[in-house]
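Data block below; observations after.
Being a predicted model, the structure only gives us computed values, none of them experimental. Labels below follow one simple rule: chain letters A, B, ... track the order of the sequence lines, proteins then strands, and each chain is numbered from 1.
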Amino acid sequence: MSTLDNLAIGFGHALTLNNLAFCALGCVVGTMIGLLPGLGPLATISLLLPLTYALPADASLIMLAGIYYGAQYGDNVSAITMKMPHASSIVACIDGYQMTLKGKTGPALFAAGLSSFIGGTIALFGLIFLAPALSALGVLFGPAEYCSLVLLGFVCVSAMTAGRFLDGFAMCLVGVLLGQIGADPISGETRFTFGLHGLYEGVGLVPLALGCFGIAELIRTLDSGENRSPFNGKIKLIPSRQEFRRIFAPALRGSLVGSVLGILPGGGPVVAQYAAYALDKKVSKYRLEMGHGAIEGVAGQAAADEAAARTSFIPLMSLGIPENPVMALMMGAFVIQGIQPGPAMIDTHPDLFWGLIASMWIGNCFLLILNVPLVRIWLSLFKIPYSVLFPAILFFCCIGAYSIRSNVFDIFVMAAFGVMGFVFQRLKIEVAPLMLGFILGPMLEDNFRRAQILNHGDFSKFVTEPVSAVLLGVSALCVAWQLAVLVTNLESSNRGG
Amino acid sequence: MIDRGVIKGVVLVATALFFGLQSGSLQLGSAVQPGPGLFPLVISIMLGMAGLAITGIAISGPREPLSAEFRNVSIVVVALVAFGLLSRSVNMVAGIVCLVAVSTLAGPKVSLLRKAAIACALLLIAYCLWKVLGLQLPLY
């Protein structure tokens with residue numbers, strides 16, 4: 001089937017009134033919740049995930065994808081207008097907030113919206129051509145190769161974590177261990193359940209995510225006692241002609257950077273933002289203005305952000321391996337809907353696959369049409385004092401955790417993980433890699449055991465099979481590089497100290 | 001003053017021990033046929049090593065302070081547990097009221113009238129979620 005035929009199927013599915021509505025709803029709700037203090041994409045998606053349970057598979061995935069981009073745009077808005085970043089929009093704060101201080105909020109928000117659109121469109125080409133190609137490669141991946149790929153993912157995410165490599169890697173491992181709680185799929189023995197009936201099926205994805213990323217962030221915001229005055233400035237959205245022209249070059253650069261970085265293990269929007277910003281600082285005609293309110297600073301990173309967010313779906317849908325924590329959560333959502341992402345997905349659910357890709361572009365359009373003009377309404381949400389907002393957020397978290405299996409036990413689980421998230425935050429460990437470990441742990445174990453059985457316990461097969469060897473080799477290089485960085489840091493701090 | 005890095009490492013090693021010692025009691029199996037205990041044990045050992053490395057680095061490096069306020073996290077946990085217990089034993093209306101009452105003790109001070117307003121708003125939202133979206137909530 002030619003690509004155009006596939007796209008036609010995809011758009012046919014995505015353009016039904018039903019799916020269009022859910023796409024729009026996802027974008028809007030995602031932006032609304034993503035704006036709120038203390039709720040980044042991970043928390044937003046996990047909070048809204050239970051809403052999608054009752055929906056059919058394609059509608060729920062389309063809505064979730066919309067929520068994701070919406071949340072990212074919401075983050076951009078709060079970063080630009082109020083210097084309130086989540087981990088996912090720190091770069092937007094730099095030039096974006098400077099532009100606000102100069103009274104240029106409108107053009108900044110417009111630039112973010114338009115650049116996101118450009119980034120998403122360019123990334124779409126990547127999706128259309130690379131996703132099926134990578135799917136075809138999936139044939140080369142046996143159990144040993146999957147093991148090595150997961151390990152590479154852990155290593156790369158850890159390397160990218162702000163903070164130290166060891167911290168990130170440790171979090172991946174903790175996530176894997178948490179994923180082991182419950183009945184062992186192969187032997188049926190219960191592990192780490194302490195006889196608690198509620199843990200027999202394991203720790204739920206939603207209570208874990210809500211606890212670590214929702215409740216923990218909420219507590220952090222309460223602790224810091226932030227009293228942000230709501231944004232009261234005027235917003236004139238349309239930029240000047242010169243500013244408008246300046247958006248395109250960094251947006252195109254950012255789109256390409258983001259599209260490539262999104263596919264790589266450990267990659268994703270955060271890395272793409274930094275890389276695009278750094279590139280613009282080196283290459284742009286207006287680089288001296290950057291850091292002081294140059295529109296390039298907003299455009300480049302917004303485009304890279306969106307592009308990476310979309311291309312990071314490629315490894316998930318084609319190989320079934322999520323490459324960063326948000327994709328891990330998405331994978332959980334796929335599985336809840338009964339879809340196993342992977343090389344087989346494109347054959348068994350082509351309408352879903354292409355429908356999702358088509359709806360990603362439609363979501364793009366919605367973001368441009370809806371969110372950018374509606375930004376005034378979003379900003380008025382900030383006028384609600386946090387003292388009123390946070391009980392509501394707690395309430396939604398409870399509903400979210402409870403409604404998975406109508407069991408209050410999950411609320412207690414969520415509270416426990418809230419405490420865990422709090423502890424790790426105070427210790428200044430970045431918790432996001434834990435999500436990757438949690439989702440991928442079962443896959444790692446399953447493939448490890450299968451590989452062992454297939455290879456008759458021969459460990460050397462992991463390094464002699466070509467694909468696996470390459471993946472392990474890259475992991476080893478990454479680890480060696482990170483350890484070298486660690487050692488040089490230690491030496492320099494000891495010499496100075 | 002307690003060094004944050006050391007505590008970090010200790011917490012990780014403790015987690016590794018917690019999971020590792022338990023997985024030892026499960027069947028380990030062999031290299032050819034791994035049992036349920038083998039994989040958690042391997043992961044726990046890796047985590048333990050990472051934890052020890054982090055502790056070692058922290059001891060040899062500069063001291064980092066550790067600060068934590070326990071008031072807000074305790075209030076939030078109590079609010080959540082109360083919500084769960086009340087929703088199970090009484091009904092969710094009681095749970096929501098209790099949630100608002102307890103959680104508003106954290107954060108900035110809020111008047112009783114405002115607390116009541118928040119509770120009413122949440123009750124209304126819960127009712128809508130129940131009727132419109134069909135979520136199974138044991139409201140009464």
What's the separation between atom [atom1] in [X] and atom [atom2] in [Y], rounded to the nearest 0.5 Å?
X       : Y       : atom1 : atom2 : value
F395(A) : F83(B)  : CZ    : CZ    : 6.5 Å
L12(B)  : M171(A) : CG    : CE    : 5.0 Å
R191(A) : S25(B)  : CZ    : OG    : 11.5 Å
F169(A) : M49(B)  : CZ    : CE    : 9.0 Å
K428(A) : I7(B)   : NZ    : CD1   : 14.5 Å
L177(A) : F39(B)  : CG    : CZ    : 9.0 Å

Between [X] and chain A, with a heavy-atom cut-off of 4.5 Å, which part of the residue counts as in contact: side chain, backbone, both or neither?
X       : value
V110(B) : side chain
L47(B)  : both
R114(B) : side chain
L80(B)  : both
A126(B) : both

Leading residue by heavy atom contact count with chain A [cutoff under 4.5 Å; candidates [options]]:
options                         : value
A50(B), A121(B), G84(B)         : G84(B)
V76(B), T15(B), V11(B)          : V76(B)
I75(B), V100(B), V77(B), I54(B) : I54(B)

Can you find a heavy atom in the side chain of [X] that is under 4.5 Å from one in the side chain of [Y]?
X       : Y       : answer
P391(A) : L99(B)  : no
L85(B)  : F412(A) : yes
F396(A) : I125(B) : yes

Show the nearest heavy-atom pair for residues [X] and [Y], with the distance to one decimal.
X       : Y       : value
S387(A) : I118(B) : O-CD1, 4.2 Å
R449(A) : P36(B)  : NH2-N, 3.6 Å
S103(B) : L394(A) : CB-CD1, 3.6 Å
L427(A) : K8(B)   : O-CE, 3.6 Å
F192(A) : F19(B)  : CE2-O, 3.4 Å

**Asked** When only pairs under 4.5 Å are counted, which of F424(A), F409(A), F390(A) shares the most heavy-atom pairs with chain B?
**Response** F390(A)
**chain B interface, residue from Q180(A), M414(A), E445(A) that has the most non-hydrogen pairs under 4.5 Å** = E445(A)
**L444(A), part contacting chain B, at a heavy-atom distance under 4.5 Å** = both
**Request:** Would you mind checking which part of V388(A) comes under 4.5 Å of any heavy atom in chain B, side chain (CB onward), backbone (N, CA, C, O), both or neither?
**Result:** both
